[in-house]
Engineer: 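Could you have a look at this structure, given as structure tokens, before my questions?
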Protein chains: 2
Amino acid sequence: MGRWEPNARGRLAKAALELYVERGYEQTTVAEIAKRAGLTERTFFRHFADKREVLFSGSDELREHLADAVAGAPDSMAPIDAVAAAFEKVGVLFEEGRERSLQRQSVIAANAELRERELIKLAWWSATLADTLRRRGVADPAASLAAEAGVAAFKVAFERWISGPAEPDLSQIVRESFDELKAVTAGR
Amino acid sequence: MGRWEPNARGRLAKAALELYVERGYEQTTVAEIAKRAGLTERTFFRHFADKREVLFSGSDELREHLADAVAGAPDSMAPIDAVAAAFEKVGVLFEEGRERSLQRQSVIAANAELRERELIKLAWWSATLADTLRRRGVADPAASLAAEAGVAAFKVAFERWISGPAEPDLSQIVRESFDELKAVTAGR
DNA sequence: TACCTGGATGACAGTCACTGACATCGGTGC
DNA sequence: GCACCGATGTCAGTGACTGTCATCCAGGTA
């Protein structure tokens, strides 16, 4: 049971999700997570900034994928369409781990602190998207609005995907959600 | 210096904002806030759920105003337009306390925990708006999307108002922001 | 006036997230 | 073998937040 078991970070994340599912986020102490991973509390905080962050380590990677996808879209594509295409692409990354996503999401939904953290991650996505659009020459209120509205559309799509049957894949629901957004914002 | 000085809650909120401005949110302890208000730490937590909440007590009132405005909009009005009109109305409530809003916002902007709390308040607004729209007979993906997109437009407008000159009033910027939203989501 | 009751506050002890400082271990390169 | 360095352990501390019980003040009632 040595100090040098590999992948400490991964073990901590796994132990945390397990415990959050088993007995709930609030009822789990960081010391317990560390113990299950064969480490100490102090080491947990060297790998994750706080008790919430352990559930969100993948968010940054997705953010980069999003930015790359928008940056790589054809110049002729309108901002909102570039954002939509980016989210469709990213949607594919979720398909594999639907079961894991479900677990994670039920834990997050059950706790306000975790929902807060999720929202700030989405805001971070939005800020990155807006920045990427600006680099494509989109002016400022438009860039922010396309990014915010795009994240909103994805949020709605993700909720539908996670709470519905596995049937339609996320990318397809994302596409529908953006179409709905366009219809709705057309006003009367 | 009695136990029964009136308006304990208000004194706590005032002391908190002052201290957050003077020395920063993280550098302020709840004990210090309570002391300045002539109360104890325990009493602080009887009035506010946590150290952040003291900055957001007005949010619920605004949420109700929003819901009322949407509920009272003419039936003929499209969802996104009803939401836009509601935010324009609410915008007026901010005008009076622009100075206070500025202070508050600079404190929030400087701290990630506070930004998280603000985001969940906005999400709460969005959920309430979506619910109000559903009561008006708007179907589900559309209701959520109109609410989310509306909050996004308001967020962008508020940022522009707070960081720009006092010149154009918030309601006007809100109107412009919704127009921009419509233009942007029209795609190409 | 004296008493009683209820809600607001104080006092105090405890848990737990999170941090700083320093010691220790184990692999790597020489 | 030996020096070095990064990852981990140990320990002591701070501060947010909670449960519990005592205490105080206001108002009503006899």
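Sequence lines set the chain letters: A, B, ... in the order given, protein chains first and strands last, and positions in each chain run from 1.
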Engineer: Please report, rounded to the nearest Å, how far the P atom of C/dT24 is from the CG atom of A/L39.
Structural biologist: 20 Å

Engineer: Is a salt bridge present between A/K182 and A/D179, judged by a nitrogen-to-oxygen distance below 4.0 Å?
Structural biologist: no

Engineer: What are the residues of residues 18-26 of chain B, sorted by number, that bring a heavy atom to within less than 4.0 Å of DNA chain D?
Structural biologist: none

Engineer: Does anything in residues 40-51 of chain A reach DNA chain D, meaning a heavy atom under 4.0 Å, and if so which residues?
Structural biologist: A/T40, A/R42, A/T43, A/R46, A/H47

Engineer: Just the rounded figure in Å: distance from C1' of D/dA16 to CG of B/N111.
Structural biologist: 14 Å

Engineer: Dump the pairs, protein N or O against N or O of nucleotides 26-28 of chain D, anything under 3.5 Å, distances to one decimal.
Structural biologist:
none

Engineer: What is the minimum heavy-atom distance between B/R136 and B/P74, and which atoms define it?
Structural biologist: NH2-O, 3.0 Å

Engineer: Counting any heavy atom closer than 4.0 Å, what does B/R52 reach on the DNA or RNA strands: base, sugar-phosphate only, or nothing?
Structural biologist: sugar-phosphate

Engineer: Side chain to side chain donor-acceptor pair (under 3.5 Å) with A/K89: which residues, sequence neighbours excluded?
Structural biologist: none

Engineer: Would you check if there is a donor-acceptor pair between the side chains of B/R63 and B/T128 at a distance under 3.5 Å?
Structural biologist: yes

Engineer: In whole Å, I'd like the distance from the CZ atom of B/R9 to the C1' atom of C/dG7.
Structural biologist: 16 Å

Engineer: Salt bridge check: are A/R115 and B/E116 linked by an N-O gap of less than 4.0 Å?
Structural biologist: no

Engineer: Restricting to non-hydrogen atoms, name the atom on B/S126 and the atom on B/A147 that form the minimum distance, rounded to 0.1 Å.
Structural biologist: O-CB, 3.4 Å

Engineer: Looking across every strand, which nucleic acid part, if any, lies under 4.0 Å from B/A31 by heavy atom: base, sugar-phosphate, or nothing?
Structural biologist: nothing

Engineer: Side chains of B/W161 and B/S101: do they bring a donor and an acceptor to under 3.5 Å?
Structural biologist: no

Engineer: Suppose we screen for side chain to side chain donor-acceptor pair (under 3.5 Å). Which residues come up paired with B/D169, at least two apart in sequence or across chains?
Structural biologist: none

Engineer: Output side-chain donor-acceptor pairs under 3.5 Å for residues 40-48 of chain A, partner residues at least two apart or in another chain, one line each.
Structural biologist:
residue: A/T40; atom: OG1; partner: A/T43; partner atom: OG1; Å: 3.3

Engineer: Going by atom types only, do B/E22 and B/Q27 share a side-chain donor-acceptor pair under 3.5 Å?
Structural biologist: no

Engineer: Between A/I33 (CD1) and C/dC18 (P), how many Å, whole number?
Structural biologist: 10 Å

Engineer: Can you check whether A/F178 and A/F154 have ring centres sitting under 6.0 Å from each other?
Structural biologist: no

Engineer: Distance check needed: C/dA8 P versus B/R11 CZ, whole Å only.
Structural biologist: 14 Å

Engineer: Rounding to a whole Å, what distance do you find between A/Q27:CD and D/dT18:P?
Structural biologist: 13 Å

